[in-house]
Asker: 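The following block contains the structure, expressed as structure tokens.
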Amino acid sequence: MDINRYLADRKNAVEAFFEQYFRKVGRPVVLREAMLYSLNAGGKRIRPVLCLASYEACGGNSDEIVPYAAALEFIHTYSLIHDDLPAMDDDDLRRGKPTSHKVYGEAMAILAGDALLTEAFVMLTDPLLGPAVRPDNLLRAAGEIARASGCRGMVAGQAQDMLSENSEPDEETLRFIHRHKTAALLRASVTAGALLYGGAPGVIDAMDRYGQNLGLAFQVVDDILDVEGDTEVIGKPAGSDEKKKKMTYPRMYGLDRSRDMARAFVADAVAALDAVPLAVDPLRELAFHLLGRRH
Ligand code: GRG
């Protein structure tokens, strides 16, 4: 299969939905603009694509859940806007463009992030956006995504990441940060696809294991790219982890071991898929694709 084609088709479906959705969002115009500015700044859309791919693997038609998958990109985009703020990572560049607070000021950037997060749950609790999905399945998926986003997931990881700046890396804390800051939302993206479909418990467990390992591999690759990548290609300042003395895999284990560990996480992700009799080719290919990504 052509994974680039697959990714592009699903990405287009999600981006077309953003366009249509924002027609109904009114004033203040600058808030709407700030939300759209960051959403349209050109991300890979990997979280919605994973959700769509997991729903498809279970046998669904992914057109039925595009709004719910798009909600994951709203949450992810909010996290990037807030992560870039002066009070957090204080970055000027994201997705190759000036960060939200550089364009709209800090107050509007905070509000755009707040609005994206809240709106995601407006979408995830609206059964009319995906009438093919059973409301109880929607509720389970929304709960899974909420848990992965807040103080049991991404926000906990971000808090620990901030608290650990400038301290010596230790394996347990590093693992906690990666599992929560990055892997939690990626894992929930995959699991939510299967929950929206109403997959059997064995399928949900397999998707969970796949998503968790893929999420960990994703962050190890991100850490490696921060050391080896070019600012123009990765779309954010290279070398910033080192500058801020972040707890990363390369800092803890060195580059070669980090690469081996990323490969091992992907192997575990793919092994989880082998346990289920589903159409998992796109999910398998996506795992290898993310291992080889340059940005
Ligand atoms: C502020 C609650 C809060 C959380 C922030 C996402 C995040 C947590 C911080 C951003 C910094 C970072 C490197 C996080 C790890 C997650 C990650 C690799 C984000 C980038 O995701 P991509 O590569 O970005 O999917 P695009 O731009 O392609 O969408």
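We number each residue from 1, following the sequence as shown. Counting starts at 1 for both ligands and their atoms, in listed order.
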Asker: Is any N or O atom of Q158, backbone or side chain, closer than 3.5 Å to an N or O atom of ligand 1?
Answerer: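 The answer is no, given that Q158 and ligand 1 share no N or O pair closer than 3.5 Å.
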Asker: Does the N or O separation between K44 and ligand 1 drop below 3.5 Å for any pair?
Answerer: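 Yes, at least one N or O pair falls under 3.5 Å.
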Asker: Report the nearest protein non-hydrogen atom to atom 12 (C) of ligand 1: residue, atom name, distance rounded to 0.1 Å.
Answerer: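 Result: K181 NZ, 4.0 Å.
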Asker: Give the numbers and elements of all ligand 1 atoms closer than 4.0 Å to a heavy atom of T182.
Answerer: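 Matching atoms, with element in brackets: 15 (C), 16 (C).
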Asker: Of the protein's non-hydrogen atoms, which lies at the shortest distance from atom 15 (C) of ligand 1, and what is that distance?
Answerer: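 Going atom by atom, the protein heavy atom closest to atom 15 (C) of ligand 1 ends up being Q219 OE1, 2.9 Å.
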Asker: Looking only at the side chains, is there a donor atom on one of D208 and Q212 sitting less than 3.5 Å from an acceptor on the other?
Answerer: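 No.
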Asker: Looking at V155, which atoms of ligand 1 are within less than 4.0 Å of one of its heavy atoms?
Answerer: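 Answer for ligand 1: 2 (C).
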Asker: Should you measure from each heavy atom of G43, which atoms of ligand 1 turn up under 4.0 Å away?
Answerer: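 Once the distances to G43 are compared, the set is 26 (P), 27 (O), 28 (O), 29 (O).
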Asker: Within a distance under 4.0 Å of any heavy atom of R95, pick out the atoms of ligand 1 and give their elements.
Answerer: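 The atoms of ligand 1 under 4.0 Å from a heavy atom of R95 are 26 (P), 27 (O), 29 (O).
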Asker: Specify the protein heavy atom at minimum distance from atom 13 (C) of ligand 1: its residue, its atom name, and the distance to 0.1 Å.
Answerer: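 The closest heavy atom on the protein side is D222 OD2, 3.3 Å.
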Asker: Among protein heavy atoms, which sits nearest to atom 11 (C) of ligand 1, and what does the distance come to when rounded to 0.1 Å?
Answerer: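 Ranking protein heavy atoms by distance from atom 11 (C) of ligand 1, first comes D83 OD2, 3.2 Å.
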Asker: Only heavy atoms of H82, strictly under 4.0 Å: list the atoms of ligand 1 that pass.
Answerer: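 Counting atoms of ligand 1 from 1, those under 4.0 Å from H82 are 1 (C).
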Asker: Got the closest protein heavy atom to atom 24 (O) of ligand 1, with its distance?
Answerer: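 Scanning the protein heavy atoms, the shortest distance from atom 24 (O) of ligand 1 goes to H76 NE2, 3.4 Å.
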Asker: Assess R45 for proximity to ligand 1: is some non-hydrogen atom of it under 4.0 Å away?
Answerer: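 Contact check R45 vs ligand 1: negative.
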Asker: Between H178 and Y249, what is the ring plane arrangement, given parallel below 30°, perpendicular above 60°, and tilted in between?
Answerer: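 Geometry flag for Y249 against H178: tilted rings.
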Asker: Rounded to the nearest 0.5 Å, what separation is found between the CG atom of D84 and the CG atom of D89?
Answerer: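 D84 CG to D89 CG: 7.0 Å, rounded to 0.5 Å.
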Asker: Can you give me the closest heavy-atom contact between M108 and A34, atom names plus distance?
Answerer: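 In this case the closest contact between M108 and A34 is CG-CB, 4.4 Å.
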Asker: In terms of residue, atom name and distance, what is the protein heavy atom nearest to atom 25 (O) of ligand 1?
Answerer: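 Checking every protein heavy atom, the shortest distance to atom 25 (O) of ligand 1 gives R47 NH1, 2.8 Å.
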Asker: Are N61 and E56 linked by a side-chain donor-acceptor pair shorter than 3.5 Å?
Answerer: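 The answer is no; no qualifying pair exists.
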Asker: May I ask you to check whether T99 and D91 show a side-chain donor-acceptor distance below 3.5 Å?
Answerer: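 Judged by distance alone, the side chains do not pair up.
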Asker: Side chain or backbone, does Y78 bring an N or O within less than 3.5 Å of an N or O on ligand 1?
Answerer: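 N/O-N/O distance under 3.5 Å: no.
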Asker: Specify the closest pair of heavy atoms between L196 and Y55, including all atoms of both residues, with the distance to one decimal.
Answerer: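 Closest approach of L196 to Y55, heavy atoms only: C-CE1, 3.9 Å.
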Asker: How far is atom 1 (C) of ligand 1 from its nearest protein heavy atom, and which residue and atom is that?
Answerer: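 Checking every protein heavy atom, the shortest distance to atom 1 (C) of ligand 1 gives S79 O, 3.5 Å.
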Asker: Hydrophobic clusters here meaning ILVMFWY residues chained together by side-chain heavy-atom distances under 4.5 Å, can you tell me if L117 and M88 are in one?
Answerer: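 No, it is not one cluster - the side chains of L117 and M88 are not joined through contacts under 4.5 Å.
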Asker: If you draw the axis of the six-membered ring of F218, does the NZ or CZ of R47 fall within 45° of it and under 6.0 Å from the ring centre?
Answerer: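 That pair qualifies as a cation-pi contact.
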Asker: Would you check if there is a donor-acceptor pair between the side chains of E171 and Y253 at a distance under 3.5 Å?
Answerer: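 Indeed, the side chains of Y253 and E171 share at least one donor-acceptor pair under 3.5 Å.
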